[in-house]
Amino acid sequence: MKKKIFAWLGIGMLLGIRVAAQPAQNVVLVTLDGVRWQEVFNGADGRLLFDPAYSPDTAKARRHFWGATPQERRQKLMPFVWKTVAEQGQLYGNRQLQSRVNVANPYWFSYPGYSELLAGYVDDRVKSNKKIPNPNPTVLEFLNKKPDLRGKVAVFSSWEVIEAAVNESRSGIPANSANEARKADNAVDSLLNDMTALLPREWCDGVRADFLTYFTARAYVQRHKPRVLFLSFDETDELAHAGRYFDHLTMLQSLDRYLGDLWRTMQAMPEYRGKTTFILTTDHGRGQQGKARWKSHGTGTGGSYQMWLAVWGAGVAPTGEQSGGPVFFQHQIAATLARALGYDFHSDKPVGPPIDNVFAPAPARVEP
């Protein structure tokens with residue numbers, strides 16, 4: 001019996017039409033607060049690593065993070081990103097290769113960045129880091145209203161203002177952050193609540209240790225299996241503001257390990273294996289002119305608008321580190337996230353278009 005071949009991909013290529021891959025069933029958005037593209041793509045900055053003011057034990061800093069080339073240094077710093085994500089996905093933002101990702105908001109700090117990232121557009125009214133409910137509906141809220149995703153969207157963050165950024169009260173999306181305890185109906189959640197309450201706090205009450213955020217989120221994933229997960233880490237920014245470069249790199253390396261662990265954990269679960277897209281990015285950049293400027297960001301600090309983006313998993317074309325191409329913006333991530341799940345994100349204002357380069361073409365279909 002002859003087989004009929006429906007080569008939709010070939011037809012699309014002949015017509016110059018991009019044919020999207022089958023959408024993922026799940027998506028995970030992860031943000032690393034205040035992490036520069038320079039460290040992601042070049043590894044440790046020697047000006048800061050070998051200055052005792054920023055790395056008190058320079059010999060230890062050299063052993064842990066230094067290498068002869070940027071490629072060696074970045075693999076030491078973020079081995080999961082450069083051994084797995086770079087092979088299976090895409091990385092944008094290496095400005096040395098003319099790949100550029102920018103924030104579009106005029107403020108270049110955290111809450112305006114998270115609002116732009118999640119809402120898909122810039123709102124000049126969001127201009128402080130105060131915990132004020134976001135007036136803008138987010139892509140998470142949009143997805144949570146879909147019948148197949150309702151009640152399957154979850155947020156875990158180290159910084160309490162993320163609760164406001166996703167407007168937990170209006171959206172109805174559970175957003176666990178800072179020192180907030182979760183309802184404990186098992187031994188794991190009870191232990192995590194105790195650790196959150198009793199461990200020493202390095203930062204203010206509004207910031208939880210990133211390792212507690214991670215393990216609280218991982219326990220939730222294993223037990224409740226959300227379809228959309230937003231996981232937001234914060235300590236990299238806190239350590240940078242404190243001028244602790246070695247500790248900043250150590251935290252970034254730990255977050256890379258958490259990412260690898262979450263990827264392996266979810267790939268071992270049938271609900272997620274081969275069905276999940278990951279998006280990794282930041283809320284803003286940092287200063288780059290002079291060592292002291294690295295501690296800061298905002299419109300008075302040059303380079304703070306420069307960011308980066310990594311995408312991998314289901315439906316993503318494995319084209320690795322990107323070079324050239326158009327400038328992409330933070331407000332395009334919301335629509336890209338929705339597109340990964342097969343939805344066209346729209347809101348009460350025009351949103352940034354999805355980054356179509358992310359998605360792999362659909363394979364040709366063969367039917368008997």
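Please read all numbers here as calculations on a predicted model, not as lab measurements. Numbering starts at 1 and runs along the sequence shown.
A side chain to side chain contact (heavy atoms under 4.5 Å, CB included) with Leu337 is found for exactly one of Leu118, Leu117, Leu143, namely Leu143.
Side-chain contact annotation: Ser177 with Glu160, donor-acceptor N/O pair under 3.5 Å absent. Glu116 and Tyr114 share no donor-acceptor pair across their side chains, judged by distance under 3.5 Å alone. Judged by distance alone, the side chains of Asn167 and Asn134 never bring a donor and an acceptor atom under 3.5 Å apart. Of the N and O atoms on the side chains of Arg36 and Asn42, not one donor lies less than 3.5 Å from an acceptor on the other residue. Donor-acceptor pairing under 3.5 Å is recorded for the side chains of Ser254 and Arg257. Looking at Gln322 and Asn94, their side chains never bring a donor and an acceptor atom within 3.5 Å of each other. Checking Thr196 against Asn179 by side-chain atom types alone, no donor-acceptor pair falls below 3.5 Å. Remark: the Thr31 side chain and the Thr281 side chain contain no N/O donor-acceptor pair separated by less than 3.5 Å. A donor-acceptor contact closer than 3.5 angstrom is absent between the side chains of Ser158 and Asp234. At a cut-off of 3.5 Å, with distance as the only test, a side-chain donor of Trp37 or Gln306 sits close to an acceptor on the other residue.
Ring geometry for Phe80 against Trp312 counts as perpendicular: the plane angle is over 60°, on a 0 to 90° scale with 30° as the lower cut. Ring planes of Trp263 and Phe278: perpendicular class, angle over 60° (limits at 30 and 60°). Taking the six-membered ring where the residue is Trp, His297 and His241 present tilted rings, their angle falling between 30° and 60°. Relative orientation of the Tyr214 and Tyr258 rings is parallel, given thresholds of 30° and 60° on the angle between their planes.
With hydrogens and angles ignored, the 3.5 Å screen pairs a side-chain donor or acceptor of Gln253 with a backbone N or O of Lys76. Side chain of Thr138 to backbone of Glu141: a donor-acceptor contact under 3.5 angstrom is found. A donor-acceptor pair under 3.5 Å is absent between the side-chain atoms of Arg339 and the main chain of Pro354, judged by distance alone.
The existence of a salt bridge linking Glu39 and Arg73 is excluded, since no basic side-chain nitrogen approaches an acidic carboxylate oxygen closer than 4.0 Å. Ion pair Glu202/Arg244 flagged as a salt bridge, since at least one NZ, NE, NH1 or NH2 atom sits closer than 4.0 Å to an Asp/Glu carboxylate oxygen. For the pair Glu321 and Arg74, the salt-bridge criterion is met [side-chain N within less than 4.0 Å of a carboxylate O]. Ionic pairing of Asp51 and Arg47 is not present here: no N-O contact between side-chain nitrogen and carboxylate oxygen is shorter than 4.0 angstrom. A salt bridge links Arg286 to Asp237: at least one charged side-chain nitrogen sits closer than 4.0 Å to a carboxylate oxygen. Looking at Lys146 and Asp148, no side-chain N of the basic residue comes within less than 4.0 Å of a carboxylate O on the acidic one, giving no salt bridge.
Ring centroid separation for the pair Trp159 and Phe233 does not come in under the 6.0 Å cut-off. Close placement of the Tyr220 and Phe156 rings is indicated, their centers lying within 6.0 Å of each other. Not less than 6.0 angstrom separates the ring centroid of Tyr54 from the ring centroid of His248. Taking the six-membered ring where the residue is Trp, the centroids of Phe41 and Trp82 are separated by under 6.0 Å.
Surrounding NZ of Lys349 are more than 12 heavy atoms belonging to other residues, nucleotides or ligands, all under 6.0 Å away.
Atom NZ in Lys152 sits 15.0 Å away from atom CG in Leu229 (nearest 0.5 Å). Atom CD in Gln38 sits 12.0 Å away from atom CH2 in Trp308 (nearest 0.5 Å). If you take CG on Leu149 and OH on Tyr343, they are separated by 5.0 Å, rounding to the nearest 0.5 Å.
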